[in-house]
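To start, the structure itself, in structure tokens.
Position 1 is the first residue of the sequence; numbering continues from there.
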Amino acid sequence: MIICASRRTDIPAFHAEWMVNRLRAGYCLVRNPVYRQLVYRVDLTRRNVDAIVFISKDPRPMVPYLKEIGSMGHMYMFQITINPYGRDLEPGVPFKADVADSFKEISDRIGKDRVVWRYDPIVINDRYSIDWHRRKFELLCRELEGYTDRCTFSFIDMYGKLGKFGDRLRSVSFSEMDRMAEMMVPIAERYGMRLGYCCAHRDLSQYGIEPRGCIDRQTMRSLDIPFEEMDTPLREGCRCVRNIDIGEYNTCSHDCLYCYANTNDPSSRTEKVYDPEGELLFGTLGPEDEVVPLKGRETPRLSDYFDYRQYRFIPRSDAGRPPCPLPAPCSCVSWRTGRSP
């Protein structure tokens, strides 16, 4: 099972303590976003979880817990959004320089292959023109050079509730998508990054851009993470593999204008009280709730039967995968890199 934490809210930024408490407990409860009285019990033990994907605009509160998460044996990775927009679109997002510093720190600890930069969503209007994006995109590429080899982007989806912000948000035309793609590719290549188009609504392959999911099969294969195909895409164009989102809608305080996961009324979030010791990210179980165990891994791993700690001269890795048990020198990647959080 792959855990997504989360598309529905920013768990690293606002609910890091809750997340770590649930990993310590070995489970969490997640309320179905449509059928509210249906609650899933998600097994978060190492035996059941193949990887945790943290998605965040401010991962700094999660950084102090990374060593502990690694010591539990969890493989984890980050997708960190850094957009160049101002407070008019992202009023609650911290200074981008601080987020970039955290990005670099995480990359240094776990490796750039486990950290993805999201330039997402692309908004084009009178203030944020394509020429403006050209300057800002290259500035961010230069800042993150060497700390990731992948940038995922998408264009804004104009959900119904965004119509009231017509002075700042609008759909991006196909010609603008083409111009953005033509501009971004050589810049990304210059700084050692590959571009991936999330939830693609237009074929940009002529520019060398492939449609990719947030939690995609190519990344899972490269990191030796087992995965299953998604039965039904989360939305049109989604190419993600099967994953379980443990977040809760309308619990993110970044208050981004374009966000699909929040209502337009910030007070509906600021008035909520969160319990980091709770089983649910927000709220409690009621008498009408039905708790259903969520099906996870059925096939055990080889590591479930093999104790790498018998090799006393090799410490167990904190990175989520045990180091190579063969005597040194060993030619495998995990031995050569020796990464740990």
Look at the side-chain heavy atoms of Ile, Leu, Val, Met, Phe, Trp and Tyr, link any pair under 4.5 Å apart, and say whether Ile11 and Ile244 land in one connected group. yes
Tell me whether Val63 is reachable from Phe14 by hopping between hydrophobic residues (I, L, V, M, F, W, Y) whose side-chain heavy atoms are closer than 4.5 Å. no
Go through it in stages, so that I can follow the logic: the residues are Tyr128 and Lys136, the test is side chain to side chain contact (heavy atoms under 4.5 Å, CB included), and I'd like the CA-CA distance, side-chain angles, deciding distance and then a yes or no. CA-CA 10 Å; Tyr128 302 121; Lys136 297 299 185 179; over 6 Å; no
Would you say Ile69 and Phe54 make side-chain contact, with heavy atoms under 4.5 Å? yes
How many angstroms lie between atom CE of Met177 and atom OG of Ser154, to the nearest 0.5 angstrom? 9.5 Å
With a 4.5 Å heavy-atom cut-off, do Met220 and Met77 have their side chains touching? yes
Which pairs would a plain distance check flag for residues 287-294, meaning a side-chain donor or acceptor within less than 3.5 Å of a matching protein atom at least two apart in sequence or in another chain?
residue : atom : partner : partner atom : Å
Asp289  : OD1  : Arg31   : NH1          : 3.0
Asp289  : OD2  : Arg31   : NH1          : 3.3
Asp289  : OD2  : Arg31   : NH2          : 3.2
Asp289  : OD2  : Gly286  : N            : 2.6

Is it the case that the side chain of His133 and the backbone of Val123 share a donor-acceptor pair, with hydrogens and angles ignored and the cut-off at 3.5 Å? yes
Consider only side-chain N and O atoms of Tyr191 and Asp149, and report whether a donor and an acceptor are under 3.5 Å apart. no
Could you verify whether a donor N or O on one side chain and an acceptor N or O on the other, from Asp245 and Ser6, lie under 3.5 Å apart? yes
With no hydrogens and no angle check, do the side chains of His15 and Asp10 hold a donor and an acceptor under 3.5 Å apart? no
Do His254 and Asp58 pass the side chain to side chain donor-acceptor pair (under 3.5 Å) test, and can you show the C-alpha distance, the side-chain angles, and the key distance before you say yes or no? CA-CA 9 Å; His254 290 315; Asp58 181 15; 5.9 Å; no
Take atom CZ in Arg170; do more than 12 heavy atoms of anything else shown fall under 6.0 Å from it? yes
salt_bridge(Glu145, Lys104) N-O dist < 4.0 Å: no
Would you give the length of the straight line joining atom CE of Met184 to atom CZ of Phe153, rounded to the nearest 0.5 angstrom? 5.0 Å
As an exercise, state the distance from SG of Cys28 to CD1 of Ile246, rounded to the nearest 0.5 Å. 4.5 Å
Indicate the ring-plane relationship of Tyr159 and Tyr260, choosing parallel, tilted or perpendicular according to the 30° and 60° boundaries. tilted
Looking only at side chains, do Asn83 and Tyr119 share a donor and an acceptor under 3.5 Å apart? no
Is there a path of hydrophobic side-chain contacts, each under 4.5 Å between heavy atoms of I, L, V, M, F, W or Y residues, that connects Ile124 with Leu140? yes
Using 0.5 Å steps for rounding, measure from the CD1 atom of Ile209 to the CD atom of Glu182. 10.0 Å
Answer yes or no: is there a donor N or O on one side and an acceptor on the other, between the side chain of Asn125 and the main chain of Leu169, under 3.5 Å? no
When rounded to the nearest 0.5 angstrom, what is the spacing between CD1 in Ile130 and CZ in Arg135? 12.5 Å
If you take all heavy atoms of Cys141 and Ile187, which pair is closest and at what distance? SG-CG2, 4.1 Å
Counting C-beta onward and ignoring hydrogens, is there a side-chain heavy-atom pair between Leu23 and Tyr76 closer than 4.5 Å? no
Non-hydrogen atoms of Ala100 and Ile82 that approach each other most closely: CA-CD1, 3.9 Å
Is Arg24 salt-bridged to Glu68, cutoff N-O under 4.0 Å? yes
CG (Asp167) with more than 12 external heavy atoms under 6.0 Å: yes
Do Asn243 and Ile3 touch side chain to side chain, with heavy atoms closer than 4.5 Å? no
pair Arg221-Phe227: side-chain heavy atoms closer than 4.5 Å: yes
Taking every non-hydrogen atom, the tightest pair across Gly26 and Asp43: O-OD1, 3.4 Å
Check the pair Arg194 / Glu189 against side chain to side chain contact (heavy atoms under 4.5 Å, CB included), numbers first and verdict last. CA-CA 7 Å; Arg194 304 185 314 275; Glu189 289 179 346; over 6 Å; no
ring-ring contact (aromatic ring centres under 6.0 Å, His included) partner of Trp117, chosen from Tyr147, Phe103, Phe137: Phe137
Thr152: which of Thr81, Val116, Leu195 passes side-chain contact (heavy atoms from CB on, under 4.5 Å): Val116
Do Ser205 and Asp203 meet the criterion of a side-chain donor-acceptor pair at a distance under 3.5 Å? yes
Does this structure show an ion pair linking Lys96 with Glu143, if we count only N-O contacts that are shorter than 4.0 Å? no
Salt bridge or not for Arg202 and Asp178, using N-O below 4.0 Å? yes
Is there a continuous path of hydrophobic side-chain contacts, each under 4.5 Å between heavy atoms, that joins Leu29 to Trp18? no
If only side-chain N and O atoms count, and only distance matters, is there a donor-acceptor pair under 3.5 Å linking Asp216 with Thr219? yes
What's the shortest heavy-atom distance between Ile2 and Pro226, and which atoms? CD1-O, 3.9 Å
Using salt bridge (Lys or Arg N to Asp or Glu O under 4.0 Å) as the criterion, point out the one residue from Arg7, Arg36, Arg8 that pairs with Glu248. Arg36
Check: Met19 and Ile52 side chains under 4.5 Å, non-hydrogen atoms: yes
Lys/Arg-Asp/Glu bridge criterion (N-O < 4.0 Å) met for Glu229, Arg217: yes
Are Arg46 and Met72 side-chain neighbours, meaning at least one heavy-atom pair lies under 4.5 Å? no
For Ala13 and Ser56, the nearest pair of non-hydrogen atoms, with its separation, is N-OG, 4.1 Å
Using only atom types and a distance under 3.5 Å, with no angle test, would you say the side chain of Gln79 pairs donor to acceptor with the backbone of Cys214? yes
Could you tell me whether Lys57 and Asp120 make a salt bridge, using a distance below 4.0 angstrom between a side-chain N and a carboxylate O? no
Can you find a heavy atom in the side chain of Tyr27 that is under 4.5 Å from one in the side chain of Glu279? yes
Side-chain donor-acceptor contact under 3.5 Å, Glu17 with Tyr65: no
Can you check whether Tyr197 and Phe155 have ring centres sitting under 6.0 Å from each other? yes
About how many Å separate CE of Met1 and CZ of Arg242, when rounded to the nearest 0.5 Å? 6.0 Å
Determine whether Val185 and Ile122 fall in the same hydrophobic cluster, where Ile, Leu, Val, Met, Phe, Trp and Tyr are linked whenever their side-chain heavy atoms lie under 4.5 Å apart. yes
If you compare all heavy atoms of Pro61 against all heavy atoms of Pro12, which two are closest, and at what distance to 0.1 Å? CB-O, 3.3 Å
Just by modelled atom types, is the Val115 backbone N or O under 3.5 Å from a matching donor or acceptor in the Thr148 side chain? yes
Thinking salt bridges, do Asp113 and Arg150 make one under a 4.0 Å N-O criterion? no
Salt bridge or not between Arg134 and Glu138? Use side-chain N to carboxylate O under 4.0 Å. no
Tell me if a side-chain donor or acceptor on Thr9 pairs with a main-chain N or O of Thr251 at a distance below 3.5 Å. yes
